[in-house]
Amino acid sequence: MQLVVYSSTKPGQIASYFKKIAKFAEVKHPCLTPILECTHDPESNLLFVVLEWSRGYSLKEYLGSNVLHWRTAYNIIRDVLSGLSELHK
């Protein structure tokens with residue numbers, strides 16, 4: 001599992017993120033890391049998101065250390081857009 005913590009000083013921003021992330025947690029897609037849990041602590045104004053652990057490299061790490069063949073780049077872009085498309089249905 002991975003724990004991601006968000007904070008904000010803007011009023012209402014964390015509550016807005018919480019609603020969006022809770023909605024995204026319902027989406028299942030092979031190109032998206034599943035959200036296992038999401039909770040908001042109003043006292044500290046922190047948002048905690050628990051994600052399924054993903055093995056391997058982040059996209060940033062992968063792109064930073066490789067010169068990509070055009071087909072590999074195409075496949076990465078296709079998968080990213082497929083996941084984003086599913087989130088925005």
Side-chain angles (χ1 to χ4, degrees):
M1 291 186 292
Q2 290 178 276
L3 175 64
V4 180
V5 181
Y6 296 96
S7 66
S8 176
T9 56
K10 294 181 182 178
Q13 188 172 36
I14 291 296
S16 174
Y17 285 171
F18 178 72
K19 288 178 187 175
K20 290 176 186 177
I21 292 172
K23 181 180 174 186
F24 291 163
E26 298 172 4
V27 178
K28 305 299 180 217
H29 189 276
C31 296
L32 298 173
T33 301
I35 297 172
L36 302 175
E37 186 65 47
C38 178
T39 190
H40 174 226
D41 177 20
E43 286 185 29
S44 64
N45 200 34
L46 293 176
L47 176 64
F48 300 91
V49 182
V50 180
L51 303 167
E52 185 176 289
W53 181 255
S54 297
R55 292 185 185 268
Y57 301 96
S58 71
L59 181 59
K60 181 179 178 180
E61 291 168 329
Y62 185 78
L63 293 177
S65 63
N66 290 294
V67 175
L68 301 180
H69 185 274
W70 72 268
R71 285 182 195 223
T72 303
Y74 170 84
N75 289 336
I76 290 170
I77 292 168
R78 180 199 61 213
D79 290 348
V80 167
L81 292 177
S82 177
L84 286 173
S85 174
E86 190 67 26
L87 285 175
H88 293 282
K89 282 187 177 179

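Basis for what follows: all heavy atoms, side chains included, without hydrogens, waters or symmetry-related copies. Small disclaimer: the values here were computed from a predicted structure and weren't measured.
Counting only residues at least two apart or in different chains, side chain to side chain donor-acceptor pair (under 3.5 Å) contacts with residues 41-51 comprise His40-Asn45, Asp41-Ser44. Pairs engaging residues 67-76 under the side chain to side chain donor-acceptor pair (under 3.5 Å) rule: Asn75-Arg78 [sequence neighbours left out]. Applying the side chain to side chain donor-acceptor pair (under 3.5 Å) test to pairs two or more places apart or on separate chains, those with a residue in residues 46-57 are Thr33-Ser54.
In this structure, Phe18 CZ and Lys23 NZ are separated by 14.5 Å, a value rounded to the nearest 0.5 Å. Rounded to the nearest 0.5 Å, atoms CG (Leu32) and CG (Asp79) are 10.0 Å apart. Separating the OG atom in Ser82 from the CD atom in Glu86 is a distance of 7.0 Å, to the nearest 0.5 Å. Atom-to-atom distance recorded for Leu51:CG and Cys38:SG is 9.5 Å, nearest 0.5 angstrom.
The number of heavy-atom neighbours closer than 6.0 Å to OH of Tyr17, taken from other residues, nucleotides and ligands shown, is 12 or below. Within 6.0 Å of atom CZ in Phe48, more than 12 heavy atoms from other residues, nucleotides or ligands are found, so the atom counts as buried in its surroundings.
Looking at heavy atoms from C-beta onward, Ile21 lies in side-chain contact with Tyr6 at the 4.5 angstrom threshold.
Every side chain to side chain contact (heavy atoms under 4.5 Å, CB included) that Lys10 has, sequence neighbours left out, goes to Ser8, Gln13. Under the salt bridge (charged side-chain N to carboxylate O under 4.0 Å, His left out) criterion, Lys28 pairs with no residue, sequence neighbours left out. Not counting sequence neighbours, the partners of Val50 by the side chain to side chain contact (heavy atoms under 4.5 Å, CB included) test are Met1, Leu3, Leu36, Glu37.
A single hydrophobic cluster is not seen to contain both Leu46 and Ile35; linkage of ILVMFWY side chains at heavy-atom distances under 4.5 Å, directly or through other members, places them apart.
Taking every heavy atom of both residues into account, Leu47 and Thr39 meet most closely at CD1-O, 3.4 Å.
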